[in-house]
Amino acid sequence: MNNQYQGGNGKYPNGGQNPYNRQMPNGQMPNGQMPNGGQNPYNRQMPNGGQNPYQGQMPNGGQNPYQGQMPNGGPNPYNRQMPNGGQNPYNRQMPNGGPQKKPKKAGKVVLGIIIGIVVLFIIFMLIPTDSETGNDGKTKNEADVSNSGENGKNGNKKKQDVDIIDVDSDAKSATVMIYMNGSDLESKAGQASMDISEMLASGIGENVNVIIQTMGTKKWHDYGISSKTSQRYQVVNGELELIQDNLGQLDCTAKDTLSDYIGFCKNNFPADRYYFVFWNHGGGPVYGFGYDQWQDENSSLTINEMAKAFEENNDVHFEIIGMDCCIMASLETCYALAPYCKYTLLSEDFESGLGWSYKRWMKKLERNPGISAPILGKCIIDDVIKTNENSEYGDSVCMGLYNESTIYNLFDAWTEYAYKNENQLSEYNYSRVHRAKGRGFFDNLVDSIFDIWSEDESDVTISDYYITDMLALVEETDKDSDEAKNLTSTLKACVAYYGHSSDTNELTGLAVSIPYGDRKFYNQLKRVYKQIDIEDNYIKWLGGFVSGSNSDDYYNYDEFEEEWNGWADYEEEYGSNASNGETGEYAYDYDEGDYFGYEDESSDDWVYDYQEELWYLYEDDVLYLYDEETDTLFYYDEYYDEIYYYDEKEDDWFLFE
């Protein structure tokens with residue numbers, strides 16, 4: 001759980017200053033358990049392989065197909081340099097030097113003969129018969145694919161047999177469930193009321209149901225929301241309408257409260273798609289979510305309790321389960337929620353008091369309830385980053401969108417890597433010693449919090465929650481073994497999108513918890529992990545770090561922080577998310593020589609390319625590209641090495657040249 005006493009947006013009570021970060025106050029760990037051998041981190045202000053098969057050589061002398069002019073003088077969204085010296089990352093040729101299975105020389109000869117036979121067979125099948133030849137002497141194939149300069153734009157139109165796919169789903173409605181525990185964030189700073197204001201300003205409510213359950217605070221600042229009882233509201237065209245009153249003081253940290261709320265929403269507001277947002281404090285995968293001012297200060301909603309509540313309503317599958325709270329972006333959180341959603345949207349860091357920005361993404365969802373989940377998730381993340389960058393009350397922030405279909409593979413890849421490198425992981429405490437910047441601190445008396453402001457003196461860090469960044473750990477311990485490359489590849493597949501503020505380079509998106517030297521933390525970990533069915537061998541293995549002698553010797557990540565440039569550096573080697581054909585959203589089967597999806601492919605499974613800043617998708621063996629800035633759909637003809645864009649008005653594909 002986290003202390004929230006940080007940050008703001010200039011609209012808070014108490015002189016306009018927001019003392020709240022999304023972290024737990026009150027100087028107590030949940031269940032009375034303290035990290036670091038009894039030390040209380042809450043008595044201070046919380047500071048905040050595989051290879052890419054899309055990078056074969058470009059034909060035509062390495063020309064960049066993204067540098068053609070758009071028809072009718074339109075802007076060309078792809079007029080930027082291709083990475084890797086003109087190579088096309090979307091060609092299906094495997095690059096050199098990657099962790100692919102290298103056949104022996106004899107195998108290469110056999111493979112070449114097979115390919116030659118296949119090519120000759122295709123040529124033979126394409127030779128027209130008399131019945132296939134028209135009166136003009138052209139084959140039907142030639143007539144269908146020939147340039148149609150008279151009808152096309154600048155002569156670049158070609159009739160294509162490639163299907164048009166929707167970037168979005170055909171959903172016409174959605175329900176967004178906001179599990180809003182106001183707590184001290186609202187009573188002392190009015191943060192929940194401000195986020196409700198953003199929701200109302202979005203204009204949402206006709207195509208999308210936004211249902212808010214209010215609870216957990218002793219004072220609401222606006223909209224006539226009662227602090228005497230929990231209530232349920234609906235956002236309707238700029239207004240907050242009370243739909244259920246007198247629920248009593250519901251305990252936000254109770255599994256039954258969560259389960260009942262999900263059931264109420266699904267039964268009364270059925271929709272084509274569902275989203276869920278936890279709003280309050282977060283304390284990592286071991287301590288969980290929520291500080292309720294009306295309940296025992298040590299209570300929290302753990303991730304196993306979340307999983308039980310969602311399981312009791314498993315006829316609803318969510319597009320995104322998000323948490324507007326601190327330090328919940330962990331492998332274990334994703335593992336617990338994997339059966340119940342396509343994506344999770346979480347922060348690995350302490351959130352600033354600004355939290356999420358709700359207006360723009362809700363407006364987009366209202367306009368298009370079928371919007372692709374990963375594209376909507378990117379919008380949420382980008383807005384959080386932008387708000388913190390532009391506000392004087394903003395802070396370092398990072399947030400990620402995680403593809404839940406990859407989580408079980410990621411867990412397997414992590415355990416294989418961890419077991420192999422056990423000795424190395426025991427040499428140091430690899431928890432990140434990272435804290436928020438520009439924040440004050442408080443002592444262990446809640447009543448005196450506001451009397452002791454100072455600048456950046458907090459000494460509580462995410463290491464107090466034993467948060468170990470997965471990619472940083474790999475890069476600094478073992479990044480060359482097969483286990484390391486498999487883990488990096490699977491991690492790349494899991495992190496569907498990641499954003500961070502310009503001053504944050506310490507975290508890469510997803511963490512694991514290793515209980516260095518803390519028996520009480522480990523005991524709580526065991527209880528939680530067992531109930532989400534994490535394997536016993538791994539839980540027992542984690543226990544070995546409790547008695548380690550180097551728990552106070554923290555690893556220095558300075559060199560990594562200076563050199564890490566983001567996920568774009570991993571596109572060349574891991575952009576296909578391939579790892580010996582075993583993992584990833586799109587993996588390459590080296591034996592079969594083709595691609596396959598981790599699970600059933602759908603038009604919602606777009607993958608983001610950080611180098612080209614494009615989304616891509618394989619559907620029915622066709623590579624589609626999408627540029628969200630210009631709302632333009634493309635596909636790549638690999639045989640002719642040509643790219644086509646779709647003109648919605650003309651309802652046809654046009655050659656991009």
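- With values rounded to the nearest 0.5 angstrom, Lys526 atom NZ is found 10.5 Å from Asp536 atom CG.
- Aromatic pair Tyr465/Phe521: centroids not less than 6.0 angstrom apart.
- Using modelled atom types, one side-chain atom of Thr406 and one backbone atom of Asn403 make a donor-acceptor pair closer than 3.5 Å.
- Checked against the 6.0 Å centroid criterion, the rings of Phe411 and Tyr538 qualify as a close aromatic pair.
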Could you go through the side chain to side chain contact (heavy atoms under 4.5 Å, CB included) check for Thr488 and Tyr570 one step at a time?
-> CA-CA 9 Å; Thr488 303; Tyr570 297 81; 4.0 Å; yes
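- Annotation: the span from Ile320 atom CD1 to Leu401 atom CG amounts to 5.5 Å, rounded to 0.5 Å.
- The distance from atom NZ of Lys420 to atom CG of Leu487, rounded to the nearest 0.5 Å, is 12.0 Å.
- Only one option out of Asp412, Asn486, Thr477 pairs with Tyr417 in a side-chain hydrogen bond (donor to acceptor under 3.5 Å, both in side chains); it is Thr477.
- Note that the CE atom of Met306 and the CE atom of Met323 stand 4.0 Å from one another [nearest 0.5 Å].
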Kindly indicate, with the supporting measurements, whether the criterion salt bridge (charged side-chain N to carboxylate O under 4.0 Å, His left out) is fulfilled by Asp382 and Lys378.
-> CA-CA 6 Å; Asp382 288 347; Lys378 180 178 180 294; 2.8 Å; yes
Check the pair Glu561, Arg432 against salt bridge (charged side-chain N to carboxylate O under 4.0 Å, His left out), reporting the backbone distance first and the verdict last.
-> CA-CA 11 Å; Glu561 293 170 7; Arg432 301 306 305 267; 2.8 Å; yes
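- With Asp324 contributing its side chain and Trp356 its backbone, the two residues share a donor-acceptor pair below 3.5 Å.
- A donor-acceptor pair is defined here as one N or O able to donate and one able to accept, closer than 3.5 Å; such a pair exists between the side chain of Asp478 and the backbone of Asp480.
- Listed here is the closest heavy atom pair of Gly182 and Thr217: C-CB, 3.8 Å.
- Aromatic ring centroids of Tyr179 and Trp279 lie 6.0 Å or more apart.
- Residue Tyr402 forms a side chain to side chain contact (heavy atoms under 4.5 Å, CB included) with just one option from Leu491, Leu410, Leu345, Thr344, and that option is Thr344.
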Verdict with reasoning, Lys218 to Glu186, per salt bridge (charged side-chain N to carboxylate O under 4.0 Å, His left out) = CA-CA 8 Å; Lys218 294 188 175 182; Glu186 174 65 16; over 6 Å; no
Could you walk me through whether Ser352 and Val397 pass the side chain to side chain contact (heavy atoms under 4.5 Å, CB included) test, one step at a time?
-> CA-CA 7 Å; Ser352 74; Val397 63; 5.7 Å; no
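- No side-chain N or O of Tyr291 forms a donor-acceptor pair with one of Asn280 less than 3.5 Å apart.
- A centroid separation of less than 6.0 Å is found between the aromatic rings of Phe276 and Phe310.
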